[in-house]
Amino acid sequence: MANTVSAKKMTRKIAKRTAINKSRRSRMRTYIRKVEEAIASGNQTEAAAALRAAEPEMMRAAQKGIVHKNTASRKVSRLASRIKTLSA
């Protein structure tokens with residue numbers, strides 16, 4: 001348990017930051033799930049539209065430190081390639 005004033009303040013700050021990070025991570029995963037569902041349905045235009053909405057959300061999460069930049073880029077790339085194969 002925190003004893004000093006500064007330690008108590010840090011606990012409050014960490015709790016606040018954790019809540020914000022959890023919210024952002026959840027939001028990113030929701031967008032990814034929408035893309036996954038569109039791919040599963042086989043609708044390429046719907047999937048492409050979902051990816052266009054999800055990409056900025058994923059990159060914003062990377063910028064805020066929720067996920068690594070390379071991780072976000074890799075996820076976008078893999079989703080895009082899966083959408084591309086729907087047309088074939």
Side-chain angles (χ1 to χ4, degrees):
M1 186 64 205
N3 291 321
T4 63
V5 176
S6 61
K8 288 177 183 176
K9 181 177 179 180
M10 279 308 297
T11 340
R12 290 193 306 269
K13 285 170 66 175
I14 290 167
K16 185 178 173 184
R17 176 62 43 209
T18 302
I20 292 168
N21 287 348
K22 189 180 283 188
S23 170
R24 285 192 178 127
R25 187 176 300 110
S26 172
R27 185 177 165 92
M28 182 187 74
R29 287 178 179 162
T30 301
Y31 275 91
I32 292 171
R33 192 177 65 248
K34 286 178 183 175
V35 178
E36 294 278 357
E37 288 169 357
I39 291 170
S41 72
N43 189 343
Q44 187 182 16
T45 55
E46 187 182 314
L51 181 64
R52 277 195 300 275
E55 186 175 355
E57 200 61 45
M58 293 165 75
M59 289 305 167
R60 194 171 300 118
Q63 194 175 27
K64 299 291 183 180
I66 309 303
V67 291
H68 195 273
K69 183 172 70 87
N70 293 353
T71 304
S73 294
R74 185 182 68 241
K75 286 180 183 290
V76 168
S77 175
R78 287 183 181 172
L79 287 171
S81 67
R82 284 175 61 195
I83 290 169
K84 190 176 180 183
T85 58
L86 286 178
S87 63

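The structure displayed is predicted, hence computed values, not measured ones.
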Determine, using the 4.5 Å side-chain heavy-atom cutoff (strictly less than), whether V67 and I32 are members of one ILVMFWY cluster. yes
Atom pair [atom1] ([X]) and [atom2] ([Y]), whose distance is rounded to the nearest 0.5 Å:
| X | Y | atom1 | atom2 | value |
| --- | --- | --- | --- | --- |
| M58 | M28 | CE | CE | 6.0 Å |
| E36 | R82 | CD | CZ | 4.0 Å |
| T4 | M10 | OG1 | CE | 10.5 Å |
| R29 | K75 | CZ | NZ | 8.0 Å |

Return a table of donor-acceptor pairs under 3.5 angstrom between the side chains of residues 15-24 and protein atoms on other chains or two or more places apart.
from : atom 1 : to  : atom 2 : distance (Å)
T18  : OG1    : I14 : O      : 2.7

Please identify each residue that fulfils side chain to side chain donor-acceptor pair (under 3.5 Å) with Q44, with sequence neighbours left out. none
Listed partners of [X] passing side chain to side chain contact (heavy atoms under 4.5 Å, CB included), at least two apart:
| X | answer |
| --- | --- |
| K8 | A2, R12 |
| A47 | A38, I39, I83, L86 |
| T30 | S26, R33, K34 |

Results of salt bridge (charged side-chain N to carboxylate O under 4.0 Å, His left out) for E55 - residues two or more places apart only: none
Just checking E37: does its CD atom have more than 12 heavy atoms from other residues, nucleotides or ligands closer to it than 6.0 angstrom? yes
In the structure I gave you, are the side-chain heavy atoms of M59 and S73 within less than 4.5 Å of one another anywhere? yes
Note: V35 and A54 closest approach over all heavy atoms is CG2-CB, 3.8 Å
